[in-house]
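Data block below; observations after.
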Number of protein chains: 2
Amino acid sequence: MSQTVDRALSILPLLAEGPADLGQVADRLGVHKSTALRLLRTLHEHGLVYRQSDQRYRLGARLFALAQEAMENLDIREIAHPHLVRLNEQCGHTVHLAVYEEGEVLYIDKVESRYPVRMYSRIGKPVAITVAAVAKLLLADLPEAERRAVAEKLEYPMYTARSTPNAPAFLRELEKVREQGWATDLGGHEESINCVAAPIRGADGRVVAAMSVSAPNVVVTADELLTLRPLVRRTADTISGEYSGRTPIKEAT
Amino acid sequence: MSQTVDRALSILPLLAEGPADLGQVADRLGVHKSTALRLLRTLHEHGLVYRQSDQRYRLGARLFALAQEAMENLDIREIAHPHLVRLNEQCGHTVHLAVYEEGEVLYIDKVESRYPVRMYSRIGKPVAITVAAVAKLLLADLPEAERRAVAEKLEYPMYTARSTPNAPAFLRELEKVREQGWATDLGGHEESINCVAAPIRGADGRVVAAMSVSAPNVVVTADELLTLRPLVRRTADTISGEYSGRTPIKEAT
DNA sequence: AATGAACGTTGCAGATAATGCAACATGAAA
DNA sequence: TTTCATGTTGCATTATCTGCAACGTTCATT
């Protein structure tokens, strides 16, 4: 809707792929170098873009700070966190919290069981939307039309033999999930990992978030993991209750 | 340098404080509502801004994804990570990796010892720059003039009685750190936590990152922690060597 | 050492594209 | 219902962005 801003913002995903110099940016934007320069300068002033020692541009530090603040402002995350921790203490496995937003599902919290490996690589990162248990719950709650639209537009990578293969299969799965009110991912993303998930609902009954417990086959079998379903569900319901009761009046000045 | 883009980008930090409606955004930008609307729409199309159910705007999901990708593209992080893990295995304590960027110091990696508590609240978040051991190392390496300028502009919050109180004290500390080539934070941020840090240098000798080991008093005394200094330093030097040797030719197409 | 290429940078004139206005639409409150 | 607040659209004005061409630098090559 605003050409200049549109161009400027298009630079960000471009730089996300890796550092680029002025010429490359200008080319990929389809504008003159001087134009690209001025856009980059503006992005730079706002800290969204950084100029490294070799003169090339890459994404800047302010971006992290913004993402952090945004994350911390999410009401659900704040409310849910202690419950996720408690659940983790009870069952010992990894616990996730995820939300849906315009075609994407992303983890906004995670409590890990054992290994502290690369935790940051997950939170904030888009979820494998076609297979993750939390994604199924979040998508299953969308209005029929939107659900269809999203499902059609997705890609269906076969992470494993059990991955959801295509849109029709996905929609069927969503329908099932919708009816039963919980979801699983049994080796659909990584061969040896299973998950059970439950929805967190707002006051109006709409699903506002979803949480899951994940564990590798070597620790517990899928069947054993499924015995946790009532516990997961109870936790989710507790969070739902707390979230619904709350009046989030926050008058920013 | 570009007014339109400048205005649009100013919306982001504004929304980072919390959700806001059209009127509030327009007011704080000092522009007409219609203008603000069009800017917000453009931000929205790029996923940087999300419109929640109550019509108010808040920061969007794409921001997280961008921050993620940006982080994963940092060469130093990639190179350093395995070494951080190894160090963690050897000493058992929390290990941090941080970089400096235009007035800010931020953690870009972390390997935690025990509790998986709120790891995400740290990575990507600006560091307590006036007290953190890694921050001292990074700032100590700046050219005299810039170091002064940064030090003058900082705030000096007294987290504890041992926090750096003001700019002169900070500059003295930086001078000391600069000479000795390592740094500590002994209860300057949180009363019971101590850190030892060492610099990671590029081929030209400039400090490109800093790493530290942190542990609470209850686990090891400050003196005990300081015995780890050689180990930390050796690890940092190893990373330095690996980072310098590398030719980072990455022709993005 | 000198030449040339590649890249980043600046000033300028023209024209596109952003702005504010005013009117309309919508929905909530009185 | 009326009223108020908020979001939205079309349009004329003009401020703002664009592309050009020339200049400055740096680096590699001859």
Side-chain angles (χ1 to χ4, degrees), chain A residues 1-12 14-15 17-60 102 202-204 206 247-253, chain B residues 1-12 14-15 17-46 48-60 102 143 202-204 206 247-253:
Chain A
M1 200 106 259
S2 163
Q3 189 186 69
T4 316
V5 178
D6 185 51
R7 284 175 173 168
L9 297 182
S10 302
I11 293 178
L12 298 178
L14 192 158
L15 290 184
E17 296 170 19
D21 62 32
L22 181 61
Q24 296 173 319
V25 172
D27 283 350
R28 294 197 48 181
L29 280 186
V31 300
H32 196 268
K33 280 186 306 182
S34 59
T35 303
L37 177 67
R38 286 182 281 246
L39 296 177
L40 281 165
R41 272 224 260 265
T42 311
L43 289 168
H44 180 96
E45 276 174 22
H46 285 259
L48 297 183
V49 144
Y50 176 71
R51 192 147 202 200
Q52 37 186 33
S53 45
D54 62 352
Q55 293 253 267
R56 292 189 306 169
Y57 295 90
R58 64 169 172 74
L59 295 180
E102 317 208 40
D204 54 359
R206 292 287 311 270
T247 317
I249 301 169
K250 246 191 200 173
E251 277 305 312
T253 312
Chain B
M1 199 106 261
S2 163
Q3 190 185 70
T4 316
V5 178
D6 184 51
R7 284 174 174 169
L9 297 182
S10 303
I11 294 178
L12 299 178
L14 193 157
L15 289 184
E17 297 169 19
D21 61 32
L22 181 61
Q24 297 172 316
V25 172
D27 283 351
R28 293 196 48 181
L29 280 187
V31 300
H32 196 269
K33 280 186 305 181
S34 58
T35 303
L37 178 68
R38 287 182 282 244
L39 295 177
L40 281 165
R41 272 224 259 266
T42 310
L43 289 168
H44 181 99
E45 275 174 26
H46 285 260
L48 297 183
V49 145
Y50 177 70
R51 192 147 204 200
Q52 39 187 34
S53 45
D54 62 351
Q55 293 252 250
R56 292 189 306 169
Y57 295 91
R58 64 168 172 73
L59 295 181
E102 317 209 35
D204 53 0
R206 291 289 310 270
T247 317
I249 302 168
K250 245 190 198 174
E251 276 304 314
T253 310

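Any value given below was found using the heavy atoms of this structure, including those in side chains, with hydrogens, waters and symmetry copies removed. Order of the sequence lines sets the chain letters (A, B, ...), proteins ahead of strands, with each chain counted from 1.
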A:Asp204: which residues meet the side-chain hydrogen bond (donor to acceptor under 3.5 Å, both in side chains) condition with it, sequence neighbours left out?
none
Using side-chain heavy atoms (C-beta onward) and a distance below 4.5 Å, is A:Leu15 in contact with A:Arg58?
no
Quick one: closest heavy-atom pair of A:Lys33 and A:Leu22, and the distance?
O-CD1, 3.8 Å
Determine yes or no for a side-chain-to-main-chain donor-acceptor pair under 3.5 angstrom, with B:His32 supplying the side chain and B:Ser34 the backbone.
yes
When you measure from the side chain of A:Glu45 to the backbone N and O of A:Thr42, does any donor-acceptor pair fall under 3.5 Å?
no
Step-by-step side-chain contact (heavy atoms from CB on, under 4.5 Å) determination, B:Leu39 to B:Val25
CA-CA 10 Å; B:Leu39 295 177; B:Val25 172; over 6 Å; no
What is the per-nucleotide protein-contact pattern of nucleotides 9-20 of chain C, from the 5' end, where B denotes a base atom under 4.0 Å from a protein heavy atom, S denotes such proximity for sugar-phosphate atoms only, and - denotes neither?
BBB-----SSBB
Contact interval (first through last nucleotide) of DNA chain D with protein chain B, 4.0 Å heavy-atom:
D:dG7 to D:dC17
Stepwise side-chain contact (heavy atoms from CB on, under 4.5 Å) test for B:Met1 and A:His44:
CA-CA 10 Å; B:Met1 199 106 261; A:His44 180 96; over 6 Å; no
